[in-house]
K.L.:
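My questions all concern the structure below.
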There are 2 protein chains.
Amino acid sequence: MPTHRKPAAGPDDSGSVPYVRVREALFAELKRGRYPPGSRMPSESDLVARFGVSRMTVGRALRDLQESGLLERRQGAGTFATQPHKVASTLRIRDIHEEISSRGHRHRAVVHLCREEPASREVATRLGLVKGAPVFHTVIVHFENETALQCEDRFVNPVCAPAYLGVDFSAVTPTHYLLAVAPFWKAGYTIEAALPGAREARLLGIDRAQPCLIVTRLTENRSMPITVARLTHPGLVYQLEGAFEP
Amino acid sequence: MPTHRKPAAGPDDSGSVPYVRVREALFAELKRGRYPPGSRMPSESDLVARFGVSRMTVGRALRDLQESGLLERRQGAGTFATQPHKVASTLRIRDIHEEISSRGHRHRAVVHLCREEPASREVATRLGLVKGAPVFHTVIVHFENETALQCEDRFVNPVCAPAYLGVDFSAVTPTHYLLAVAPFWKAGYTIEAALPGAREARLLGIDRAQPCLIVTRLTENRSMPITVARLTHPGLVYQLEGAFEP
DNA sequence: TGCGGCCACTTGTCTAGTCAAGTACGATCC
DNA sequence: GGATCGTACTTGACTAGACAAGTGGCCGCA
């Protein structure tokens, strides 16, 4: 999200740059409830007169606020304050290694499977291949300070990363490697709660009745799917977190 | 002066608006790998000459790409292509009513509890109150086409919404009502997988061994916590979805 | 009354030029 | 060699004015 929070240079000037000044002023008024949700804001001309800047500058301030989801603008009609619930919170999903080390903890990965296989029908469909085509398959368990945090069951399209199976995945995560050799341009994922499969439970060292948070992620190149991964996390030790601030 | 405006968007034109045309052209080149991560892009002056538009227009295209995380710009140094893995995916969390009706389904809410209570220590801490202070407590089950989708267990700070208990929550969701009377400006949440509590299982009509996706959300006014909610979803019928595309 | 057209207002976008501020790099000086 | 300075280049921001396009209301007419 475009965070338009700057360190707030001066105590009162709230940004010496004109468009920041305008934006912060309107933001403060919005926050104070001067413009209730759905109500009409002053027009660009009004703001030009009020702040003594050009229309381009006012426009930039308004566009910033619009991109933050605080305003809605309709050509010909005007600028309106939005219902705040339209601003969706966002959640970052990061590389597991990055996430663990950002907490200052130690990350270790154990490779349980790393081979070429014929694609099952489901995997083939997801990767845009035909059933039985060769795909790379890895199963890796990631530990944070010796507790199993994630079981990563991943299929990779060999066309996108021919040398995938030769990588030492105890040293570099598949996510990181794939990003280096095949930058993705599209990604989709689902998050669900479910019980682990038999193998996942065994690898994670948990009971089969223990709920898990499962993230399924599909990343694609410009046109071709690169990889599909199923990331299983024990519910007791793993939570996703997010925050929203306009 | 002459505005070189094409009447119809050609197949290759990709947007008749100049700044969109520039942005799409650069985006396509980035995608094709013409500018490897970290490498220097053409300067604004170069692009002005190449596309025959003004510097403001080139600048807007570049700023768009920068905000998407595809470019990094340093004053005095130049514009550089970024490593794509720095862009994090994002996940939208929406109001349950909005979510259900956007799927074209019917939403129904059943109110199981709606009263004032003294705050437990945990709730008081989260809402920034003292233990035993009166808080509003509602428990509502949301149905999508007669299947229970969410159990919403919510505590509300009475200061922020004094008339909360008088609202008909079978007609309007607490989220929606609270947003109308007390727009929030900060929200944090966690997502986890766990087994439902006894009451939650009963209200949702599911087995206690059935994993649930639990979203805990705390929303705050500019300084004061408004409400804390625990949203329990049966894992079998509810998934969060997200997508990322630059 | 009902309807069509006119018009004021609003946002969307662009231009050409200006000044400011930060960076990189080479030339000069000690 | 090493520090300093100057300069060319780059991005950041702004202005004043222009045209395009969508909206909504008002007015006159049938």
Side-chain angles (χ1 to χ4, degrees), chain A residues 2-10 13-26 30 35 38-82, chain B residues 1-9 13-26 30 35 38-82:
Chain A
T3 88
H4 62 269
R5 270 330 183 133
K6 289 280 165 80
D13 76 346
S14 77
S16 55
V17 180
Y19 88 89
V20 175
R21 186 168 52 91
V22 174
R23 186 185 60 196
E24 297 299 318
L26 293 176
L30 242 12
Y35 308 109
S39 70
R40 180 127 178 251
M41 305 274 299
S43 75
E44 292 195 358
S45 314
D46 295 340
L47 296 172
V48 164
R50 173 176 157 196
F51 289 101
V53 297
S54 77
R55 215 190 120 206
M56 285 288 292
T57 303
V58 163
R60 171 143 185 207
L62 290 174
R63 194 168 58 243
D64 274 14
L65 293 171
Q66 182 183 21
E67 279 165 7
S68 305
L70 269 53
L71 299 181
E72 187 192 347
R73 313 188 71 194
R74 289 201 302 276
Q75 186 176 160
T79 302
F80 303 85
T82 53
Chain B
M1 292 309 289
T3 60
H4 8 73
R5 181 61 52 88
K6 309 208 77 176
D13 179 300
S14 79
S16 57
V17 179
Y19 88 88
V20 174
R21 185 167 54 92
V22 175
R23 195 217 310 148
E24 298 299 316
L26 292 176
L30 242 11
Y35 308 109
S39 70
R40 179 127 180 255
M41 305 274 299
S43 74
E44 293 196 357
S45 315
D46 296 339
L47 297 172
V48 163
R50 171 174 159 196
F51 289 101
V53 297
S54 77
R55 215 189 121 206
M56 284 286 292
T57 303
V58 163
R60 171 140 186 210
L62 289 175
R63 194 168 59 243
D64 274 13
L65 292 170
Q66 183 183 19
E67 279 166 8
S68 304
L70 269 53
L71 299 180
E72 187 192 348
R73 313 189 70 194
R74 289 201 303 275
Q75 188 176 159
T79 302
F80 303 85
T82 54

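In the text below, chain A, chain B and the rest are named by the order of the sequence lines, each starting its count at 1.
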K.L.:
From CD of A:Gln66 over to C1' of C:dG12, roughly how many Å is that when rounded to an integer?
P.N.:
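It is 10 Å, rounded to the nearest whole Å.
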
K.L.:
Is there side-chain contact between A:Arg55 and A:Arg60, with heavy atoms separated by less than 4.5 Å?
P.N.:
no

K.L.:
So does B:Tyr19 get a side-chain nitrogen or oxygen closer than 4.0 Å to the phosphate oxygens (OP1/OP2) of C:dT13?
P.N.:
yes

K.L.:
Can you figure out which of D:dA21, C:dA16, D:dG12 approaches the side chain of B:Ser54 most closely?
P.N.:
C:dA16

K.L.:
Measure from the side chain of B:Arg73, starting at C-beta and using heavy atoms only, and say which of D:dA13, D:dG12, C:dT15 lies closest.
P.N.:
D:dG12

K.L.:
Between C:dG12 atom C1' and A:Arg63 atom CZ, what is the distance in whole Å?
P.N.:
10 Å

K.L.:
Just checking B:Arg40: base, sugar-phosphate only, or nothing, at a heavy-atom cut-off of under 4.0 Å?
P.N.:
sugar-phosphate

K.L.:
Separation of B:Asp64 atom CG from C:dG12 atom P, in whole Å?
P.N.:
14 Å

K.L.:
Which residues, if any, of residues 42-50 of chain B bring a heavy atom under 4.0 Å of DNA chain D?
P.N.:
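When residues 42-50 of chain B is checked for heavy atoms under 4.0 Å from DNA chain D, the hits, listed by number, are B:Ser43, B:Glu44.
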
K.L.:
Can you name the nearest heavy-atom pair linking A:Ala61 to A:Arg23, along with the distance?
P.N.:
CB-N, 3.8 Å

K.L.:
Just wondering, do B:Thr79 and B:Arg40 contact through their side chains at under 4.5 Å, heavy atoms?
P.N.:
no

K.L.:
Counting only side-chain N and O atoms of A:Thr57, is one of them less than 4.0 Å from OP1 or OP2 of D:dT15?
P.N.:
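Yes, because at least one side-chain N or O of A:Thr57 sits under 4.0 Å from OP1 or OP2 of D:dT15.
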
K.L.:
For side chain to side chain contact (heavy atoms under 4.5 Å, CB included), just list the numbers for A:Leu62 and A:Leu26, CA-CA rounded to whole Å, side-chain angles, deciding distance to a tenth of an Å, and then say yes or no.
P.N.:
CA-CA 9 Å; A:Leu62 290 174; A:Leu26 293 176; 3.8 Å; yes

K.L.:
Can you name the nearest heavy-atom pair linking A:Thr82 to A:Leu71, along with the distance?
P.N.:
CG2-C, 3.5 Å

K.L.:
Where do N or O atoms of nucleotides 3-5 of chain D meet protein N or O atoms at under 3.5 Å, pair by pair?
P.N.:
none

K.L.:
With DNA chain C as reference, determine whether A:Met56 or A:Arg74 sits nearer its 5' end, using the nearest nucleotide of each.
P.N.:
A:Arg74

K.L.:
For C:dT11, does either OP1 or OP2 sit under 4.0 Å from a side-chain N or O belonging to A:Thr79?
P.N.:
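Indeed, a polar side-chain atom of A:Thr79 lies that close.
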
K.L.:
How many whole angstroms separate atom CD of B:Gln75 from atom P of D:dT11?
P.N.:
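Whole-Å distance recorded here is 10 Å.
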
K.L.:
Could you tell me if the side chain of A:Val53 sits less than 4.5 Å from the side chain of A:Leu47, heavy atoms only?
P.N.:
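Sidechains of A:Val53 and A:Leu47: no contact.
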
K.L.:
Between A:Arg55 and D:dG17, does any side-chain N or O lie under 4.0 Å from OP1 or OP2?
P.N.:
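A:Arg55 to D:dG17 OP1/OP2: no side-chain N or O under 4.0 Å.
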
K.L.:
Please tell me if the side chains of A:Met41 and A:Phe80 come closer than 4.5 Å, counting only heavy atoms from C-beta onward.
P.N.:
no

K.L.:
Would B:Tyr19 and B:Asp64 satisfy side chain to side chain contact (heavy atoms under 4.5 Å, CB included), going step by step from the backbone distance to the final call?
P.N.:
CA-CA 9 Å; B:Tyr19 88 88; B:Asp64 274 13; 3.5 Å; yes

K.L.:
Please find the pair of heavy atoms, one from A:Gln66 and one from A:Arg73, that lie closest to each other, and give the distance.
P.N.:
OE1-CD, 3.6 Å

K.L.:
Distance check needed: D:dT11 C1' versus A:Arg60 CZ, whole Å only.
P.N.:
12 Å

K.L.:
Restricting to salt bridge (charged side-chain N to carboxylate O under 4.0 Å, His left out), what partner residues turn up for A:Arg74, sequence neighbours left out?
P.N.:
A:Glu72

K.L.:
Distance check needed: C:dC9 C1' versus A:Met41 CE, whole Å only.
P.N.:
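The answer, rounded to whole Å, is 17 Å.
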
K.L.:
By nearest heavy atom, map A:Ala77 and B:Leu62 onto DNA chain D; which one lands nearer the 5' end?
P.N.:
B:Leu62

K.L.:
In whole angstrom, give the distance that lies between atom CZ of B:Phe80 and atom C1' of D:dC9.
P.N.:
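Atom-to-atom, B:Phe80 to D:dC9, this comes out as 12 Å.
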
